[in-house]
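Each ligand, and each atom within it, is numbered from 1 in the order the structure gives. Since the structure is predicted, the reported quantities are computational estimates derived from the model, not experimental observations. Basis for what follows: all heavy atoms, side chains included, without hydrogens, waters or symmetry-related copies.
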Amino acid sequence: MKMKGLLIVSLLAVGILGCQQTPEGSFEPGAIWPDNNGVHINAHGGGMLYKDGVYYWFGEHKIEGKAGNKAHVGVHCYSSEDLYHWQDEGIALEVHEDTSSLLVEGCIIERPKVIYNEKTGKYVMWFHHELKGMGYDAAMTGVAVADDVTGPYTYLRSVNPNAGQWPMNYPDSLRKDTTTMASLERWSDEWRKAVKEGLFVRRDFEKGQMARDMTLFVDTDGTAYHIHSSEENQTLHVSELTDDYLDFTGRYTRVLPGDSNEAPAIFRRGDKYYLIASGCTGWAPNPARSAVADHPFGPWKPLGNPCRGTEEQVNTTFDSQSTFVLPVQGKEDAFIFMADRWRPKNAIDGRYVWLPVEFEEGKPVLKWRDKWNLNVFDKQ
Ligand code: GAL
């Protein structure tokens with residue numbers, strides 16, 4: 001009897017503990033994702049930093065309506081230990097009321113990303129920054145810094161990067177090319193060829209290069225790279241950041257010239273670097289692309305559309321656009337593709353599409369799942 005009782009108690013205990021250990025949570029791409037206050041997470045075009053056992057999600061804070069496509073509040077931060085439950089950490093970088101500041105309310109802040117600098121102990125945020133009243137013409141990248149991961153972040157400056165520097169993979173012969181835009185019809189074959197050959201790199205050489213959709217990537221040796229759509233969104237630039245991550249070293253390469261890549265997301269798996277990006281159709285979704293390289297500077301080899309599924313899913317990246325690929329801590333080869341389902345008419349209602357990155361024949365592959373959890377990575 002005594003033994004039997006003990007057995008029942010033990011079984012119950014195992015049952016209860018077992019339940020507690022089961023990850024309580026799941027991802028539902030495209031649904032409302034409530035934070036700890038029951039409010040839909042407001043961190044669009046986001047990126048993730050993992051630090052001391054906690055994931056920090058930074059993204060664009062949107063407000064209601066079309067007005068939400070501009071920055072009225074700043075960059076929002078959330079934290080989570082398990083990726084399912086998110087705590088609101090408030091606004092990490094606030095827009096300024098001071099009209100003389102470039103970060104004034106009503107400018108555009110997009111795709112903020114935060115990295116931690118081991119040498120300085122500072123958190124560094126870079127973001128796509130467009131100046132108030134100038135549409136998307138400024139094409140700048142802004143930088144802010146903080147002592148604590150959740151902020152407050154102090155805005156330092158915005159730049160068109162790499163002024164006066166040639167890309168490392170840009171041949172001498174083309175540096176002297178005198179082709180100008182005036183003689184070329186936009187989108188003609190001649191124009192496309194000239195763009196591929198660096199028409200806009202030469203145009204922007206002195207002033208600094210254009211920087212729109214962007215991401216950051218820190219390699220295992222601590223070197224950080226700023227990856228952005230440049231050259232009128234026709235070509236990606238991969239730029240090295242200085243040791244403190246607060247500036248550009250001037251070393252950069254042109255990647256996939258003329259391929260119109262936006263929304264870049266980069267991750268490393270083993271010795272290979274992978275890129276997932278989108279085409280260039282504003283807020284409307286389009287087919288994703290992927291590429292692989294042996295170094296962030298490239299050369300990058302296109303691997304095609306990583307999406308699998310119905311024609312519509314493949315052509316619209318599941319009605320979303322990439323923003324980040326998150327390495328899941330404590331699991332091998334586990335990566336989450338993070339994307340935005342934009343709602344430009346009511347920006348605050350934008351949704352999040354997260355999917356596990358699978359690999360088939362050395363290529364990243366994305367498949368729709370209505371609901372999933374991190375256990376998918378254990379079955380591979
Ligand atoms: C997208 C871009 C977004 C935003 C939008 C504006 O292509 O990825 O971040 O800039 O255009 O139309």
Pairs flagged by ring pair (Phe, Tyr, Trp, His ring centres under 6.0 Å) wherever residues 168-190 is involved - sequence neighbours left out: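 Residue pairs passing ring pair (Phe, Tyr, Trp, His ring centres under 6.0 Å), neighbours aside: W166-Y170, W187-W191.
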Residues which pass side chain to side chain contact (heavy atoms under 4.5 Å, CB included) with E190, listed by chain and number, not counting sequence neighbours: L184, S188
Listed pairs under 3.5 Å, donor-acceptor, residues 214-222 side chains, sequence neighbours left out:
{"residue": "D219", "atom": "OD1", "partner": "R268", "partner atom": "NH1", "Å": "2.7"}
{"residue": "D219", "atom": "OD1", "partner": "Y273", "partner atom": "OH", "Å": "3.3"}
{"residue": "D219", "atom": "OD2", "partner": "Y273", "partner atom": "OH", "Å": "2.5"}
{"residue": "T220", "atom": "OG1", "partner": "R268", "partner atom": "NH1", "Å": "2.9"}
{"residue": "D221", "atom": "OD1", "partner": "T223", "partner atom": "N", "Å": "2.9"}
{"residue": "D221", "atom": "OD1", "partner": "T223", "partner atom": "OG1", "Å": "2.9"}
{"residue": "D221", "atom": "OD2", "partner": "T223", "partner atom": "OG1", "Å": "3.2"}

Closest non-hydrogen atom pair, E197 against R254: C-NH1, 4.2 Å
Every residue of the protein that comes under 4.0 Å of ligand 1, judged on heavy atoms: E110, R111, Y136, D213, E262, G282, W283, Q321
CA sep, side-chain torsions, deciding dist, call: Y245, V143, side-chain contact (heavy atoms from CB on, under 4.5 Å): CA-CA 9 Å; Y245 300 167; V143 59; over 6 Å; no
Verdict with supporting geometry, F297 and Y225, ring-ring contact (aromatic ring centres under 6.0 Å, His included): CA-CA 9 Å; F297 279 141; Y225 299 87; 5.4 Å; yes
